[in-house]
Amino acid sequence: MPELPEVETVKRGLERLIVGKTIVVIDHGSDKSFPNDHTQVDAFMINATITKVTRRAKVLLIELSTEYTIMIHLKMTGQLVFVGSERFGAGHPNDSLVDNLPDKSTRVTIVFNDDSKLFFNDQRRFGWVKLLPNHMVKEEPFMQKVGPEPLHPEFSDEVFLSRIARRKGTTIKAAILDQTVLAGIGNIYADEGLWMSKIHPATRVKDVSNKKLKELRQNLVDVLQLSIDKGGSTNKNYVDAEGNKGSYMEFAKVFRREGKPCNRCGATIEKSRVAGRGTHTCPDCQSPPKKLL
DNA sequence: CACTTGACCTGTCCGC
DNA sequence: TGCGGACAGGTCAAGT
């Protein structure tokens, strides 16, 4: 999916675009993308006003005046696109979305009192939308177990080291992809952070020194922040709440750069498989663990 | 408990 | 041009 920077970018867009609007119509078909009972959805969403938009890990939380919260996970290909009545002009992507949405990937449509619309699109249907009473949000299994927010000050070296210690037998890449260790890292920023730290992704956690783990913590924080500044990464499907692509991929050091030179040493970036995921490394900067040699 | 693998879906790309 | 297989940004269930 969209990883932390992409979800954060969507969150900021929605905060600006939909807070204060009132829902008048919901079209959610009979789809696993929105498993709530229709009666419940109508009762607590129709005539509800959007009061707040927040993010926890890769989950978006849209709070309503009815004391209910819409929880949304975009997974791999989800999009949340707002379409208002205004035209942006000059070939802005939102303008073509006005004419092209809904499309065959649209799972949920929310119509607001000023006739603007919010579309939840999801090609692969892994994502979901759920409506919950506010007090039930923290009871969700994922919310119960998810780890600390990397961009909050409490995500210290000590917290990172103690959390990752539970995964000492697995590879460092699998460990940082584990949402219970820290929230928000996905395949792109795992590879980027490990390259920045000169750690091979297949290295066992127990074979990474505390010094290197501390470097990794800082690099993960830095790459997430940089990507937010660039509006996230558009690898394929991702767009923000106005249909714009993110530009982080132009700055990526290894992700999807196989066959290209390493920015640091000039060696050719390689692609392999670690933790069941496509993995990008510099063969010179990130020396593989002995068992792979 | 820790760890790995396959499943969930649709679409696209690559080799034959 | 068609077909089969691998692969795609994430999590979860089931297996060892």
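First the proteins, then the strands, lettered A, B, ... as listed; each starts at 1. Excluded from the calculations below are hydrogen atoms, water molecules and symmetry mates; all remaining heavy atoms, backbone and side chain alike, are included. Because the structure is a prediction, the values reported are computed rather than measured.
Neither OP1 nor OP2 of B:dC9 sits under 4.0 Å from any side-chain N or O of A:Lys104. Neither OP1 nor OP2 of B:dC3 sits under 4.0 Å from any side-chain N or O of A:Lys168. Between C:dT11 and A:His73, a contact under 4.0 Å exists linking OP1 or OP2 to a side-chain N or O. A sub-4.0 Å separation between OP1 or OP2 of C:dG10 and a side-chain N or O of A:Gln179 is absent. Close to C:dG9, at under 4.0 Å from its OP1 or OP2, lies no side-chain N or O of A:Arg124.
Regarding A:Asp122, its CG atom lies at a distance of 13 Å from the C1' atom of C:dA8, rounded to whole Å. Look at CD on A:Glu140: it is 14 Å from P on C:dT11, rounded to the nearest Å. Atom-to-atom, CD of A:Glu192 to C1' of C:dG9 comes out at 13 Å; the value is rounded to the nearest Å. Separating the CG atom of A:Asp178 from the P atom of B:dT4 is a distance of 11 Å, rounded to the nearest angstrom. A:Gln123 places its CD atom 18 Å from the P atom of B:dC8, with the value rounded to the nearest Å. As a whole-Å value, the separation of A:Gln79 CD from B:dG11 C1' is 14 Å.
Out of B:dC3, C:dG9, B:dC9, the shortest distance to the side chain of A:Thr170 is found at B:dC3. Taking every side-chain heavy atom of A:Arg166 into account, B:dA2 is the closest of B:dA2, B:dT4, C:dA8. For A:Arg167, the side-chain atoms get nearest to B:dC3 when compared with the rest of B:dT10, B:dC3, C:dG9. Checking C:dA8, B:dT4, C:dG9 against every side-chain atom of A:Arg273, the shortest atom distance belongs to C:dA8. Listed nucleotides: C:dT11, B:dC8, C:dA8. Nearest to the side chain of A:Lys58: C:dT11. Out of C:dA8, B:dG11, B:dT4, the shortest distance to the side chain of A:Asn235 is found at C:dA8.
Note on ring orientation: taking the six-membered ring where Trp is involved, the planes of A:Phe112 and A:Phe82 are tilted (angle from 30° to 60°).
No donor-acceptor pair under 3.5 Å is formed between the side chain of A:Asp95 and the backbone N or O of A:Arg87. Of the possible donor and acceptor atoms, one in the side chain of A:Glu192 sits under 3.5 Å from a partner among the backbone N and O of A:Lys253.
Residue whose closest nucleotide on DNA chain B sits further toward the 5' end, between A:Lys236 and A:Ala174: A:Ala174.
A cation-pi contact, defined as under 6.0 Å to the ring centre and within 45° of the axis, is absent between A:Lys198 and A:Trp195.
Of the nucleotides present, B:dC13 is the one that pairs with C:dG5 by Watson-Crick or G-U wobble criteria, both distances under 3.5 Å. If you check B:dT4 for Watson-Crick or wobble pairing at under 3.5 angstrom, you find it paired to C:dA14.
Residue A:Gly278 is classed as a sugar-phosphate contact, given heavy-atom separations below 4.0 Å to backbone atoms only. Residue contacts for A:Gly276: at a heavy-atom cut-off of 4.0 Å it reaches no nucleic acid atom on any strand shown. In this structure, A:Phe255 reaches the sugar-phosphate backbone alone: every heavy-atom distance under 4.0 Å involves primed, P, OP1 or OP2 atoms, never a base. Within 4.0 Å (heavy atoms only), A:Ser233 reaches at least one base atom of the nucleic acid.
For A:Asn187 against C:dG10, no side-chain N or O and base N or O form a donor-acceptor pair under 3.5 Å. Between the side chain of A:Arg125 and the base of B:dC9 there is no donor-acceptor pair of N/O atoms closer than 3.5 Å.
Ring-to-base geometry places A:Phe126 in a stacked arrangement with B:dC8 (centre distance under 5.5 Å, plane angle under 30°).
Few gaps surround CZ on A:Arg56; more than 12 heavy atoms of other groups in view lie less than 6.0 Å from it.
Less than 6.0 angstrom separates the ring centroid of A:Tyr189 from the ring centroid of A:Tyr248.
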